[in-house]
Amino acid sequence: MTRERVTTPPATAARPLPAGAPARTGEPGARKPLIGVIGGMGPLASTELLNTVYGLEPPEHEQLAARILLWSDPAVADRTTAIQSGTVDLVRDALEDSVERLLTAGADVVVVACITAHPAIRLLPEALRSRCVSLVDLVFEQLAERPGRHLVLCTRGSVLAGVFTGHERWPEYAHRLVLPDEADQEQLHHHIYRLKRNADRLPTVDFVRGLLPKYRASAFIAGCTELHLVTRAIEARGLTRHLPSIDPMTVIARRIRNGEL
């Protein structure tokens, strides 16, 4: 049976608050935007995103915290496998369904918490694609503000699909970006899948620490959402000055927290 497509409503002004609910400063009677998050790819990464959002300088009243609708679907086909086998349509179909459902439920914008899935976002109908926030775009926005040479750490699937190297702004920053060689990429991919199984994050922290001097990089790009688990571990251990990074999940968390989406 074919599921009937839901007509996605256009973005509208924020709905009025229920009686007695606090309003945002400067916007009487308005609620914060509802942010849709497509998670489950993998579940730990998208869960950690919520932890980051709500752990960033919590507001005085919880009613003023970010409004997030998480759609966690671990059943989505493995993104790297789909890219390798030419079956990205499986990922696109899953994303199309998820974005439609989140928008129908009232989400104003949608964050896909999987960078390897971003090639499938480009295949969505414009009405849905235009409502998605690109984590890859955020990386290049941050590069404009962050000097130095950066090591791009991502999945094998992202490398094959040119998620970063195929971005329109890659030529602008190519002289400041470097990818691991084939052997290190294979090890990195292994680390990422260990993280998906909730393995200890410290071995990956040590792995990244060893890569930076090898590639003469001053910082790394957390180009896989699982690496948000690593940047959080680095922060928790006070190692951010020694292992600086551009982590789009942290960037998006701050923007969600500040109502900037």
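Note that the numbering runs from 1 along the sequence shown for the chain. Keep in mind that the numbers below use all heavy atoms, side chains included, and drop hydrogens, waters and symmetry copies.
A donor-acceptor pair under 3.5 Å is absent between the side-chain atoms of Arg209 and the main chain of Val205, judged by distance alone. Using modelled atom types, no side-chain atom of His61 and backbone atom of Pro59 make a donor-acceptor pair closer than 3.5 Å. The backbone N or O of Val163 lies less than 3.5 Å from no partner atom in the side chain of His118, so there is not a single donor-acceptor pair. In this structure, the side chain of Arg149 engages the main chain of Tyr215 through a donor-acceptor pair within 3.5 Å. A donor-acceptor pair under 3.5 Å is absent between the side-chain atoms of Arg131 and the main chain of Ala127, judged by distance alone. Remark: the backbone N or O of Val230 is not paired with any side-chain donor or acceptor of Arg201 at under 3.5 angstrom. With Thr52 contributing its side chain and Thr250 its backbone, the two residues share no donor-acceptor pair below 3.5 Å.
Looking at heavy atoms from C-beta onward, Asp247 lies out of side-chain contact with Leu227 at the 4.5 angstrom threshold. Annotation: side chain of Met41 is not in contact with side chain of Thr225 (no heavy-atom distance under 4.5 Å). Within the 4.5 Å cutoff, the side chain of Ile38 has no heavy atoms near those of the Asp73 side chain. Using a 4.5 Å cut-off on side-chain heavy atoms (C-beta onward), Gln187 and Pro180 make no contact.
Counting non-hydrogen atoms of neighbouring residues, nucleotides and ligands closer than 6.0 angstrom, the CZ atom of Arg254 reaches no more than 12 such neighbours. More than 12 heavy atoms of other residues, nucleotides or ligands lie within 6.0 Å of CD in Glu126, so this atom counts as buried by the packing criterion. Within a 6.0 Å sphere centred on CD of Glu62, other residues, nucleotides and ligands contribute 12 heavy atoms or fewer.
Ile221 contributes atom CD1, which lies 6.5 Å from atom CZ of Phe164 (distance to the nearest 0.5 angstrom).
A salt bridge is defined here as a Lys NZ or Arg NE, NH1 or NH2 lying under 4.0 Å from an Asp or Glu carboxylate O, and Arg156 with Glu186 meets this definition. The pair Asp108-Arg67 does not meet the salt-bridge criterion, since no charged nitrogen lies less than 4.0 angstrom from a carboxylate oxygen.
For the pair Leu177 and Trp170, the tightest heavy-atom approach, listed with the atom from each and the gap, is CD1-CZ3, 3.4 Å. What you find for Cys224 and Ile115 is that their closest heavy atoms are N-CD1, 3.8 Å. For Ala117 against Val91, the heavy-atom pair with the smallest separation is CB-CG1, 4.2 Å. In this structure, Ser46 and Leu70 approach most closely via the heavy-atom pair CB-CD1, 4.3 Å. Closest non-hydrogen pair, Ala65 versus Lys32, comes out as O-CD, 3.8 Å. Pro119 and Ala161 make their closest contact through CG-CB, 3.8 Å (heavy atoms, listed as atom of the first residue, atom of the second, distance).
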Output, in order, the C-alpha distance, side-chain angles, deciding distance and verdict of side-chain contact (heavy atoms from CB on, under 4.5 Å) for Thr104 and Arg101. CA-CA 5 Å; Thr104 300; Arg101 290 178 184 272; 5.7 Å; no

Please report the C-alpha distance between Leu195 and Leu44 in whole Å, then the side-chain angles of each, then the deciding distance to 0.1 Å, and finally whether the side-chain contact (heavy atoms from CB on, under 4.5 Å) criterion is met. CA-CA 8 Å; Leu195 293 169; Leu44 295 175; over 6 Å; no

Derivation of the side-chain contact (heavy atoms from CB on, under 4.5 Å) call for Thr231 and Phe220: CA-CA 10 Å; Thr231 62; Phe220 70 95; 3.9 Å; yes

Audit row: Thr204, Glu226, side-chain contact (heavy atoms from CB on, under 4.5 Å) steps and yes/no: CA-CA 11 Å; Thr204 307; Glu226 259 69 39; over 6 Å; no

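No hydrogens or angles considered: a donor-acceptor pair under 3.5 Å links the side chains of Thr155 and Thr116.
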Review item, side-chain donor-acceptor pairs of residues 136-145, under 3.5 Å, at least two apart:
| from | atom 1 | to | atom 2 | distance (Å) |
| --- | --- | --- | --- | --- |
| Asp137 | OD1 | His167 | NE2 | 2.6 |
| Glu141 | OE1 | Arg255 | NH1 | 3.3 |
| Glu141 | OE1 | Arg255 | NH2 | 3.0 |

